[in-house]
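In what follows, a single structure is set out as structure tokens and then discussed.
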Amino acid sequence: MKHLNVLIIDEEADRVQALKDALHQLGHHVVCHLSDTSDLNHHVESFHPDIVIIDMDSPDRDTLESMATMSQNNPRPIVFFAEQQNDRRTMAAAINAGVSAYIADGLQADRVKAIMDTAIAHFDAHSLIRTELEEARTQLADRKVIEKAKGMLMKHQGCDENQAYQTLRKIAMDRGQKLPDVAASVIEVLNATNGLLKK
Amino acid sequence: MTAPTELEKTKLTLGFVALLDCAPLVVAREKGFFNKYGLSVVLSKESSWATIRDKVSFGILDGAQMLAPMPLAATLGLNGNKTPMVTALALSQNGTAITLGKELFLALSQHVTDWDNDETVGSQFKALIKSMGRKPVIATVYPYSNHHYQLRYWLKKHNISFADDVELVAIPPTKMLENLSNGLIDGYCVGEPWNSLALINQSGGLLTTGYRIWGTQIEKVLGVTAQWADENPLTHQALVRAIYEACEWLSQSENKDELIELLSLPPYLDRSANLIKGFTPPYSMEQRFFGNEVNLPGQQQGQFLLEQMQACGQLSDEQIDLFSISKQVFREDLYREWCTN
């Protein structure tokens, strides 16, 4: 069977590498791309991916959506059919794992499903070990700042720990800053705000 | 006004994108309007419209700020899963513009003095890009949006082919300004605050506004799935009422400074909120948040958006009954029942 061209768009280096290796094992040709770079349009056009696996929360998703509407040759958002429970379960698992996918016309469903299942498994596994990885990588002082910022966000936003973490991560992506720097500024802003704004 | 006593659901998560018109959701939370109606709401910052669509479709979000065409596109299953959606409240009106990068804007300024004269602006723009020796690169964010339709409409009006005369690309709003300043793109059509920020940053100038192109236009709506609306009618009503009151708060000019403070809180607009404090663009984008003509998700407006999808080749089914789709998605009836005192 001919190999498929798979494009992975993701910021998390460990996750990318593990998934890339796994898809290679399945015989596919895999190219990785960092999220949020300006040349994605050209990259997709020149690589002709059969399937794009992308972090669900990547801002680049709208770029892919746009490309899909502009040309039939570009991969389209993966679609499930409500009457097929298998499809729906795969989609739900993908969304919960934070995986989204764009596929080219005419791909066989079972080939797509095998790739999706692999991606979902790797994203799930990664989220389990994420905390450990972070602890190993971040200095104690930085970890404390991040913990404090998360706590303040949870209190202010009424959200849970994961949502607070995702918020910090998204601000970091928007600003192009590192997590500890974002955490420090969030603490500063929320401290300055306390008392000024009352519900 | 008393809060309904038997809400089906009181803890909700709503998605938003960090644009000025997420303000009704931010105000409803920070000023206690959600609490007043018995709701405890977490606002979840989302990085793309695609993610908002998927998370609402699969019930990870109860509802979200959406571009007005999105619930229609989702209901029709355009570019993704077919999930019937509804809106009973528009969050905002207008607020889009086409901004050109510095180089192109300065060049155009040499030939245009009266920017109110759209005929001149259009013909001079066309002449200018023909003389450039390359296609200007113009960015939009999402294909099912006023930005996209307004840009295409304006180009077509001035006989500029979007396929042959310009290169359309899509990039996330947070990267627009950077790309414009670096000269990687020549212009963009996007919502506030990104046009004002380009002006403040002196990275570009306004070619025209969405308001000039189309006049008054519904911009963002509160979108939920039809299934969620059926299962949670009282919660839906409480949610719409709370946000409607937040829209009223937003319309009062004495709240302007406080709004900027609220928006600058993480995770909302972050630092960009403070930058636009006190700034008035040279041509008003007429962005509005409150009033029957603003908040009503009108069936005519829905039909107009569906026609734009047809005009842009996004909706090819000619047999489709646009008015009945619009009626199913843009729930004028619910708005009238819940929001007119």
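Labels below follow one simple rule: chain letters A, B, ... track the order of the sequence lines, proteins then strands, and each chain is numbered from 1.
- Between chain A and the residues B:P143, B:G77, B:G313, the largest count of heavy-atom pairs under 4.5 Å involves B:P143.
- Taking 4.5 Å as the heavy-atom cut-off, the residues of residues 93-115 of chain A that approach chain B are A:I95, A:N96, A:Y102, ordered by number.
- Contacts between A:L153 and chain B at a heavy-atom distance below 4.5 Å involve the side chain alone, from C-beta outward.
- Annotation: side chain of A:H156 is in contact with side chain of B:L265 (closest heavy-atom distance under 4.5 Å).
- Looking at A:S66, its side chain never comes within 3.5 Å of a backbone N or O of B:Y142 through a donor-acceptor pair.
- In terms of non-hydrogen atom pairs under 4.5 Å with chain B, the most contact-rich of A:A92, A:G176, A:P77 is A:P77.
- For B:T51 (side chain) and A:M56 (main-chain N/O), a donor-acceptor pair under 3.5 Å exists by modelled atom type.
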Start with the C-alpha gap between A:M91 and B:N81, add the side-chain angles, then the distance that decides, and say whether side chain to side chain contact (heavy atoms under 4.5 Å, CB included) holds. CA-CA 10 Å; A:M91 281 298 291; B:N81 289 312; 3.5 Å; yes
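- Within the 4.5 Å cutoff, no side-chain heavy atoms of A:V189 are placed close to those of B:S264.
- Listed by sequence position, the residues of residues 65-76 of chain B in contact with chain A number zero, using a 4.5 angstrom heavy-atom cutoff.
- Between the side chain of A:D62 and the main chain of B:S48, no donor-acceptor pair closer than 3.5 Å is present.
- Using a 4.5 Å cut-off between heavy atoms, B:D54 touches chain A through backbone and side chain atoms alike.
- Judged purely by atom type and a 3.5 angstrom limit, B:S47 uses its side chain to pair as donor or acceptor with the backbone of A:D57.
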Begin with the C-alpha distance, continue with both residues' side-chain angles, and end with the deciding distance and a verdict on side chain to side chain contact (heavy atoms under 4.5 Å, CB included) for A:Q166 and B:E46. CA-CA 10 Å; A:Q166 292 303 335; B:E46 302 297 340; over 6 Å; no
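- Contact annotation for B:Y268: only side-chain heavy atoms (C-beta onward) come within less than 4.5 Å of a heavy atom of chain A.
- Chain B forms more heavy-atom pairs under 4.5 Å with one residue of A:K170, A:Q157, A:Q163 than with any other, namely A:Q157.
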Are B:K175 and A:D174 close enough, and set up right, to give a salt bridge (Lys or Arg N to Asp or Glu O under 4.0 Å), and what steps lead you there? CA-CA 8 Å; B:K175 299 294 156 191; A:D174 286 350; over 6 Å; no
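- Ranked by heavy-atom pairs under 4.5 Å with chain A, the first of B:V17, B:V169, B:I60, B:D270 is B:D270.
- The nearest pair of heavy atoms linking A:I171 to B:P267 is CD1-CA, 4.1 Å.
- Pairing each heavy atom of B:P172 with each of A:D60, the nearest pair is CG-OD1, 4.2 Å.
- Contacts of B:L168 with chain A are made by side-chain atoms alone, with heavy-atom separations under 4.5 Å and no backbone atom involved.
- For a residue to count as touching a neighbouring chain, one of its non-hydrogen atoms must lie under 4.5 Å from one of that chain's; by this rule B:T13 touches chain A with the side chain only.
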